[in-house]
Amino acid sequence: TFGDGGPPPYYAGYTTSGKGRGLFASRDIKKGELTHDGTNSDIVFPDAISWRKFVFSLPRNRACDMMEWSWTQKLGEKGNLRILSAINISVLLNEGEVANYINVNPESSTSSKFYATGDIKKGDEILMNYGVYDTFWTEVGLGYDNAVHLSPPLVEKSEPHNEPIWPKPDGWDSFITKQIEEHFYCKLYAIDKMKPLPTLQDWQLLRAKYNQHVDSSRSFDDIVPPTMGYTFGDGGPPPYYAGYTTSGKGRGLFASRDIKKGELTHDGTNSDIVFPDAISWRKFVFSLPRNRACDMMEWSWTQKLGEKGNLRILSAINISVLLNEGEVANYINVNPESSTSSKFYATGDIKKGDEILMNYGVYDTFWTEVGLGYDNAVHLSPPLVEKSEPHNEPIWPKPDGWDSFITKQIEEHFYCKLYAIDKMKPLPTLQDWQLLRAKYNQHVDSSRSFDDIVPPTMGYTFGDGGP
């Protein structure tokens with residue numbers, strides 16, 4: 001029960017300032033007025049292990065949400081720091097970037113009652129100062145001083161042995177590219193333009209999975225390692241190396257020497273891999289850790305291997321797949337001799353260090369023709385389920401040592417920084433809140449009641465039964 005029985009003081013929506021989700025005043029609020037009271041609606045975790053059990057029991061998006069929505073707070077002047085959160089829209093309360101923007105704050109660092117620091121107009125975003133609560137993860141067993149897995153340093157996520165294989169969703173064996181992209185959240189992965197260059201271990205994993213799921217007879221015994229390309233010309237690597245662009249594209253290929261106009265620059269004739277059909281490609285992609293799966297989504301294309309041949313699904317398992325597209329014709333400096341060829345020639349002189357760029361449109365990428373396009377979809381009626389709906393989100397396998405992970409490791413395990421980039425992710429649904437409450441009862445406190453007559457999408461009981 002909250003306040004004097006007035007109307008709900010806030011609602012959930014999207015900010016205009018780029019923060020994403022937030023809370024907004026549903027009526028005018030006077031300076032000094034009680035605006036939020038988490039005294040009864042907040043949840044408390046007795047210790048770090050119960051919080052970890054809860055977070056690792058959740059689908060990835062909800063786990064990242066709870067990482068963002070948890071804080072530490074003393075519940076009394078002489079009490080210890082506790083881990084707190086809430087399972088209603090109150091957790092969408094954002095921080096004001098400067099003092100002038102802050103319009104609510106708790107009465108003290110031990111209180112969960114928030115009062116308006118000034119008059120707030122209906123529709124204004126409600127903003128607090130996060131610094132009011134002392135968030136010291138170490139004191140509650142989730143900080144660097146508690147880490148037992150940080151020596152040696154955290155393993156790079158690009159190393160396959162540290163990446164879990166996601167459970168296959170129902171109907172995966174008939175998914176089209178769009179559905180696979182959404183399953184793995186590949187658009188979020190693509191946003192990161194400084195993701196690591198693939199390591200030798202990454203390439204070896206991809207090759208092993210190709211042998212396992214597609215063609216066991218395909219040999220990858222090239223003397224040139226895939227981090228350098230493949231055997232080219234006189235036995236050395238091709239005339240390029242992998243690096244990072246200065247144009248914002250991320251990873252790319254760069255000339256390792258001057259290349260003359262008309263010179264053969266790349267030849268995928270023997271180094272490219274071919275998938276016999278859509279199901280073999282799906283088996284391969286779904287056998288991979290998420291980052292590698294998204295890489296292969298980006299690195300696959302369709303191509304005819306002869307004038308009268310059918311379109312085939314192709315890729316490569318070496319750095320040649322990092323070849324970017326020139327944004328305008330003037331930037332393109334290599335292209336294949338035809339749409340059925342895998343031999344690329346320089347269209348002009350290329351200086352050492354220049355990025356090598358092609359025209360992706362040379363190859364006809366028609367996913368439908370190879371069984372991976374919209375016309376092949378059998379799961380698009382009704383439309384694809386929103387990822388915010390828990391029943392469509394897999395529970396990730398727990399990594400080794402999860403029960404002593406600190407917040408930093410959990411954030412890296414779930415790729416929460418990538419999730420945070422998406423500022424238009426859906427507002428939590430009733431189903432989302434119900435899942436979180438059920439998991440809290442299951443893993444933390446089975447006696448905690450969530451029988452509030454106000455749904456969590458509106459907040460919690462407020463005086464006369466309103467939020």
Backbone N/O of [Y] and side chain of [X]: donor-acceptor pair under 3.5 Å:
X: Ser341; Y: Ser338; value: no
X: Tyr244; Y: Lys195; value: yes
X: Thr15; Y: Gly20; value: yes
X: Asp349; Y: Lys261; value: yes

Heavy-atom pair with the smallest gap, counting every atom of [X] and [Y]:
X: Ala242; Y: Leu197; value: O-CD1, 3.9 Å
X: Pro237; Y: Phe232; value: C-CB, 3.8 Å
X: Val55; Y: Ala63; value: O-CB, 3.7 Å
X: Ile165; Y: Pro289; value: CD1-N, 3.4 Å
X: Val362; Y: Ser339; value: O-CB, 3.3 Å
X: Val140; Y: Leu81; value: CG1-O, 3.6 Å

Please lay out, stage by stage, how Trp137 and Ile406 fare under the test side-chain contact (heavy atoms from CB on, under 4.5 Å).
CA-CA 8 Å; Trp137 291 117; Ile406 63 170; over 6 Å; no

Within a radius of less than 6.0 Å around [atom1] of [X], do more than 12 heavy atoms belonging to other residues, nucleotides or ligands occur?
X: Lys283; atom1: NZ; answer: no
X: Lys398; atom1: NZ; answer: yes
X: Met228; atom1: CE; answer: no
X: Tyr101; atom1: OH; answer: no
X: Lys423; atom1: NZ; answer: yes

For a 4.5 angstrom cut-off between non-hydrogen side-chain atoms, does [X] reach [Y]?
X: His266; Y: Pro238; answer: no
X: Gln179; Y: Pro169; answer: no
X: Ile319; Y: Tyr230; answer: no
X: Leu200; Y: Pro226; answer: yes
X: Trp402; Y: Ile410; answer: no
X: Tyr419; Y: Arg60; answer: yes
X: Phe284; Y: Ser300; answer: no
X: Glu325; Y: Leu357; answer: no

Suppose we screen for side-chain contact (heavy atoms from CB on, under 4.5 Å). Which residues come up paired with Ser280, at least two apart in sequence or across chains?
Val214, Phe275, Pro276, Asp277

Name all residues meeting the side-chain contact (heavy atoms from CB on, under 4.5 Å) criterion together with Ser446; count only those two or more places apart in sequence or in a different chain, and write none if there are none.
none

Under the side-chain contact (heavy atoms from CB on, under 4.5 Å) criterion, do Thr72 and Glu139 qualify, and how do the steps go?
CA-CA 9 Å; Thr72 63; Glu139 274 197 44; over 6 Å; no

Pair Asp422, Tyr185 - check side-chain contact (heavy atoms from CB on, under 4.5 Å), show working.
CA-CA 11 Å; Asp422 179 11; Tyr185 304 96; over 6 Å; no

Got a second to check how far [X]'s [atom1] is from [Y]'s [atom2], nearest 0.5 Å?
X: Ser315; Y: Met297; atom1: OG; atom2: CE; value: 11.5 Å
X: Thr365; Y: Gln303; atom1: OG1; atom2: CD; value: 9.0 Å
X: Tyr240; Y: Thr265; atom1: OH; atom2: OG1; value: 9.0 Å
X: Ile350; Y: Asp258; atom1: CD1; atom2: CG; value: 10.0 Å
X: Ile317; Y: Asp222; atom1: CD1; atom2: CG; value: 12.5 Å
X: Thr429; Y: Asp432; atom1: OG1; atom2: CG; value: 3.5 Å

Would you call the rings of His413 and Phe405 parallel, tilted or perpendicular, where under 30° means parallel and over 60° means perpendicular?
perpendicular

Parallel, tilted or perpendicular: which describes the rings of Phe56 and Phe414, with under 30° parallel and over 60° perpendicular?
tilted

Just do the side-chain contact (heavy atoms from CB on, under 4.5 Å) check on Phe450 and Asn441 with the steps written out, would you?
CA-CA 9 Å; Phe450 292 107; Asn441 284 150; 3.7 Å; yes

Taking only residues two or more places apart in sequence, or in another chain, which ones meet Arg251 in a salt bridge (charged side-chain N to carboxylate O under 4.0 Å, His left out)?
Asp295

